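Please read all numbers here as calculations on a predicted model, not as lab measurements.
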Amino acid sequence: MSAPTPGQTVGPFFGYALPYGGGNLLVPRDRPDAIRLHGRVIDGAGEPVPDALVEVWQPDNDGRVIREAGSLRRDGRTFTGWGRAATAADGEYEFTTVEPGSAEPGRAAFFAITVFARGLLDRLFTRAYLPDQRSLASDPLLAGLPEARQASLIATRDAGGFRFDIVLQGTNETVFLDLAGDRS
């Protein structure tokens, strides 16, 4: 029989196998330009998802897309642009990183985010755009969304950096991206 089979359900094993020490520290906390990217992962009922994994990919603050190896062995100096954080019992996740620059001239800067959580057949992709950028209005992805949905992709600035809550379902669901060609 050659019928396609559904994807494997992922989780809830993430909290046991994939987090590693320093995975959420893209830069040391005492670095002068370090910021905090944090938020909650919430399900369709508004309840926290305590066993999800959130990954972030980002350029450095000059907009350079990093191609350094070694994300799993943090040396405290090399910025790799990638991190992984498990959610806590209240659904909170947190990264210590730098504010990303725009990777393309005239384009809005953003964090690329992946979410793994129990019950999902595959990982989810989204973006957390930085607020207060003039280039948000001309960003092709945001411009293609209804205005009411755009807000789900824009982080809010707070005292130490940015807050970005991820809502997996429901009326305020975060916009998730379908990345063609991703089959891993």
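Listed for the Gln133 side chain is a donor-acceptor partner under 3.5 Å among the backbone atoms of Ala109. A donor-acceptor pair is defined here as one N or O able to donate and one able to accept, closer than 3.5 Å; no such pair exists between the side chain of Thr126 and the backbone of Ile113. Looking only at distances, a side-chain donor or acceptor of Thr174 sits under 3.5 Å from a matching main-chain atom of Val167.
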Distance-only check: which donor-acceptor pairs under 3.5 Å involve side-chain atoms of residues 33-42, not counting sequence neighbours?
| unit_1 | atom_1 | unit_2 | atom_2 | d |
| --- | --- | --- | --- | --- |
| Asp33 | OD1 | Arg31 | NE | 2.6 |
| Asp33 | OD2 | Arg31 | NH2 | 3.3 |
| Asp33 | OD2 | Asn61 | ND2 | 2.8 |
| Arg36 | NE | Glu94 | OE1 | 3.1 |
| Arg36 | NH2 | Glu94 | OE1 | 3.4 |
| His38 | ND1 | Arg163 | NH1 | 3.2 |
| His38 | NE2 | Asp158 | OD2 | 2.5 |
| Arg40 | NE | Asp90 | O | 3.0 |
| Arg40 | NH2 | Asp90 | O | 3.4 |

Which atom pairs, donor and acceptor, lie under 3.5 Å between side-chain atoms of residues 97-107 and protein residues at least two apart or in another chain?
| unit_1 | atom_1 | unit_2 | atom_2 | d |
| --- | --- | --- | --- | --- |
| Thr97 | OG1 | Gln58 | OE1 | 2.6 |
| Ser102 | OG | Glu104 | N | 3.4 |
| Ser102 | OG | Glu104 | O | 2.6 |
| Ser102 | OG | Arg107 | O | 2.5 |

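Note: the hydrophobic cluster containing Leu25 does not contain Leu53 (ILVMFWY, side chain heavy atoms under 4.5 Å, direct or indirect links). One hydrophobic cluster, built from ILVMFWY side chains closer than 4.5 Å, cannot hold both Phe125 and Val65; they sit in different ones. Cluster annotation: Phe176 is connected to Val49 through the hydrophobic network of ILVMFWY side chains, with a link wherever side-chain heavy atoms come within less than 4.5 Å.
For Asp60, the side-chain hydrogen bond (donor to acceptor under 3.5 Å, both in side chains) partners are Arg64, not counting sequence neighbours. The side-chain hydrogen bond (donor to acceptor under 3.5 Å, both in side chains) search around Ser135 returns none, not counting sequence neighbours. When the side chain to side chain contact (heavy atoms under 4.5 Å, CB included) test is applied to Ala148, no partner is found at least two apart in sequence or on another chain. For Arg29, there are no salt bridge (charged side-chain N to carboxylate O under 4.0 Å, His left out) partners two or more places apart in sequence or in a different chain.
Here the closest non-hydrogen pair linking Asp51 and Arg118 is OD1-NE, 3.0 Å. Closest heavy-atom contact between Pro50 and Pro48: CD-O, 3.3 Å. Contact between Ala85 and Asn24 at its shortest, heavy atoms only, is CB-CB, 3.9 Å. Contact between Trp82 and Glu55 at its shortest, heavy atoms only, is CZ2-OE2, 3.5 Å.
Stacking of Arg157 on the aromatic ring of Phe162 is not recorded, the 6.0 Å distance cut-off and the 45° axial limit not both being met.
A side-chain hydrogen bond (donor to acceptor under 3.5 Å, both in side chains) check over residues 138-155, counting only residues at least two apart or in different chains, returns the pairs Tyr129-Asp139. Counting only residues at least two apart or in different chains, salt bridge (Lys or Arg N to Asp or Glu O under 4.0 Å) contacts with residues 129-138 are absent.
In this structure, Thr87 OG1 and Phe116 CZ are separated by 13.0 Å, a value rounded to the nearest 0.5 Å. In this structure, Glu47 CD and Leu168 CG are separated by 12.5 Å, a value rounded to the nearest 0.5 Å.
Under the 4.5 Å side-chain criterion, counting only non-hydrogen atoms from C-beta, Phe110 is not in contact with Leu136. Between Leu26 and Thr96 there is no side-chain heavy-atom pair separated by less than 4.5 Å. Trp57 is not listed as a side-chain neighbour of Ile66, based on a closest heavy-atom distance of 4.5 Å or more. For the pair Leu141/Arg127, a side-chain contact is recorded, criterion being any heavy-atom separation below 4.5 Å from C-beta on. In this structure the side chain of Ile166 reaches within 4.5 angstrom of the side chain of Tyr93, judged on heavy atoms.
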*asked:* Go through it in stages, so that I can follow the logic: the residues are Val54 and Thr114, the test is side chain to side chain contact (heavy atoms under 4.5 Å, CB included), and I'd like the CA-CA distance, side-chain angles, deciding distance and then a yes or no.
replied: CA-CA 6 Å; Val54 179; Thr114 301; over 6 Å; no
